[in-house]
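The structure appears right after this line, and notes come after that.
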Amino acid sequence: MKIKFIIPGKPQGKARPRVVRMKSGRSMSYTPDKTVAYEELVRQRFLAEAHGRRFADDAPIDIIITAFLGIPKSASKRKQMLMTSGALFPMKKPDLDNVMKIVCDALNGFAYRDDAQIVNAKICKRWSSDIPSVWVTIEGKESKSDGHT
């Protein structure tokens, strides 16, 4: 089974949990709101394309993630041409590993049991003259269950 979906908007990396010290002296950690919202968007885009399907709990999974970053308006025409042709790469935030982490973590329990099932991954960043987005392709054996977690 193969499921492809697009996450619209500027690619985001998974932010580190924040730690705050309470008046009592105890510490509490939380996930930043921006990360929580983006993970929910990832899940919604997956669920819209999966139509109730998910990958088997014992299936090895392959994933391809391509993060398309918007070309800066300040880039010269020549530089824009090099960016869209693939001659120049986006060597800026978000980091590839954090983009992969936010996508894969968001899909835990929805697309697959756990992202530990991912055995092959390809991730890349490219410039795009279109709207920034993240394209995801997941491949593996389909679960024989009714699609519920």
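- Hydrophobic clustering, with ILVMFWY side chains joined whenever heavy atoms are under 4.5 angstrom apart, keeps V103 apart from I6.
- Atom CD1 of I131 has 12 or fewer heavy atoms from other residues, nucleotides or ligands within 6.0 Å.
- Side chain of R43 to backbone of A106: a donor-acceptor contact under 3.5 angstrom is found.
- Note on F68 and L41: separate hydrophobic clusters, where clusters join Ile, Leu, Val, Met, Phe, Trp and Tyr whose side-chain heavy atoms are under 4.5 Å apart, directly or indirectly.
- Just one residue in the list V42, I61, I3 forms a side chain to side chain contact (heavy atoms under 4.5 Å, CB included) with L107, and that residue is V42.
- L69 has its side chain within reach of P11: a pair of non-hydrogen atoms, C-beta onward, lies under 4.5 Å apart.
- Hydrophobic clustering of Ile, Leu, Val, Met, Phe, Trp and Tyr side chains at less than 4.5 Å, counting indirect connections, unites Y30 with M22.
- Scanning both residues, F110 and R54, for their nearest heavy atoms gives O-CB, 3.5 Å.
- Counting only distance, with no hydrogens or angles, the side chain of D115 and the backbone of N108 share no donor-acceptor pair below 3.5 Å.
- Side-chain contact between Y38 and I102 is present, with heavy atoms from C-beta onward closer than 4.5 Å.
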* Pair V134-T66, side-chain contact (heavy atoms from CB on, under 4.5 Å): steps then yes or no -> CA-CA 6 Å; V134 176; T66 305; over 6 Å; no
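- Within the 3.5 Å criterion, the main-chain N or O of R113 finds a donor-acceptor partner in the side chain of Q117.
- Considering only heavy atoms from C-beta on, M1 stays 4.5 Å or farther from S143 through its side chain.
- Looking only at distances, a side-chain donor or acceptor of S85 sits under 3.5 Å from a matching main-chain atom of M81.
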* Report the C-alpha distance between L96 and K125 in whole Å, list the side-chain angles of each, state the deciding distance to 0.1 Å, and finish with yes or no for side-chain contact (heavy atoms from CB on, under 4.5 Å). => CA-CA 7 Å; L96 280 178; K125 291 192 292 190; 3.3 Å; yes
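- Linking ILVMFWY side-chain heavy atoms closer than 4.5 Å, directly or via other members, places F46 and V136 in a single hydrophobic cluster.
- One finds the NZ atom of K93 at 12.0 Å from the NZ atom of K10 (value rounded to the nearest 0.5 Å).
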* Can you list the steps and then say if T137 with W135 is a side-chain hydrogen bond (donor to acceptor under 3.5 Å, both in side chains)? -> CA-CA 7 Å; T137 303; W135 293 30; over 6 Å; no
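- In this structure, the separation between CZ on R126 and OG1 on T84 is 13.0 Å, given to the nearest 0.5 Å.
- Scanning all heavy atoms of the two residues, the minimum distance from G13 to P94 falls at N-CB, 3.7 Å.
- In this structure, the separation between NZ on K2 and NZ on K4 is 5.0 Å, given to the nearest 0.5 Å.
- Considering only heavy atoms from C-beta on, S129 stays 4.5 Å or farther from M83 through its side chain.
- For the pair E49 and F5, the tightest heavy-atom approach, listed with the atom from each and the gap, is CG-CB, 3.6 Å.
- Distance check: E139 CD to F55 CZ gives 8.0 Å after rounding to the nearest 0.5 Å.
- If you take OG on S27 and CZ on R21, they are separated by 4.0 Å, rounding to the nearest 0.5 Å.
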* Can N120 and I63 be said to form a side-chain contact (heavy atoms from CB on, under 4.5 Å), step by step? -> CA-CA 6 Å; N120 291 306; I63 191 164; over 6 Å; no
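- At a threshold of 4.5 Å between non-hydrogen side-chain atoms, the residues K14 and M100 do not count as touching.
- Taking 4.5 Å as the limit, some side-chain heavy atom of D58 sits within range of a side-chain heavy atom of K141.
- Within the model, atoms NZ of K73 and CD of Q80 stand 8.5 Å from one another, a figure rounded to the nearest 0.5 Å.
- Counting heavy atoms from C-beta outward, W127 and P132 have side chains that stay 4.5 Å or more apart.
- Salt bridge absent: K122 and D62 never bring a charged side-chain N and a carboxylate O closer than 4.0 Å.
- Between C104 and I118, the shortest heavy-atom contact is SG-CD1, 3.5 Å.
- Using a 4.0 Å cut-off between a side-chain N of Lys or Arg and a carboxylate O of Asp or Glu, D95 and K92 do not qualify as a salt bridge.
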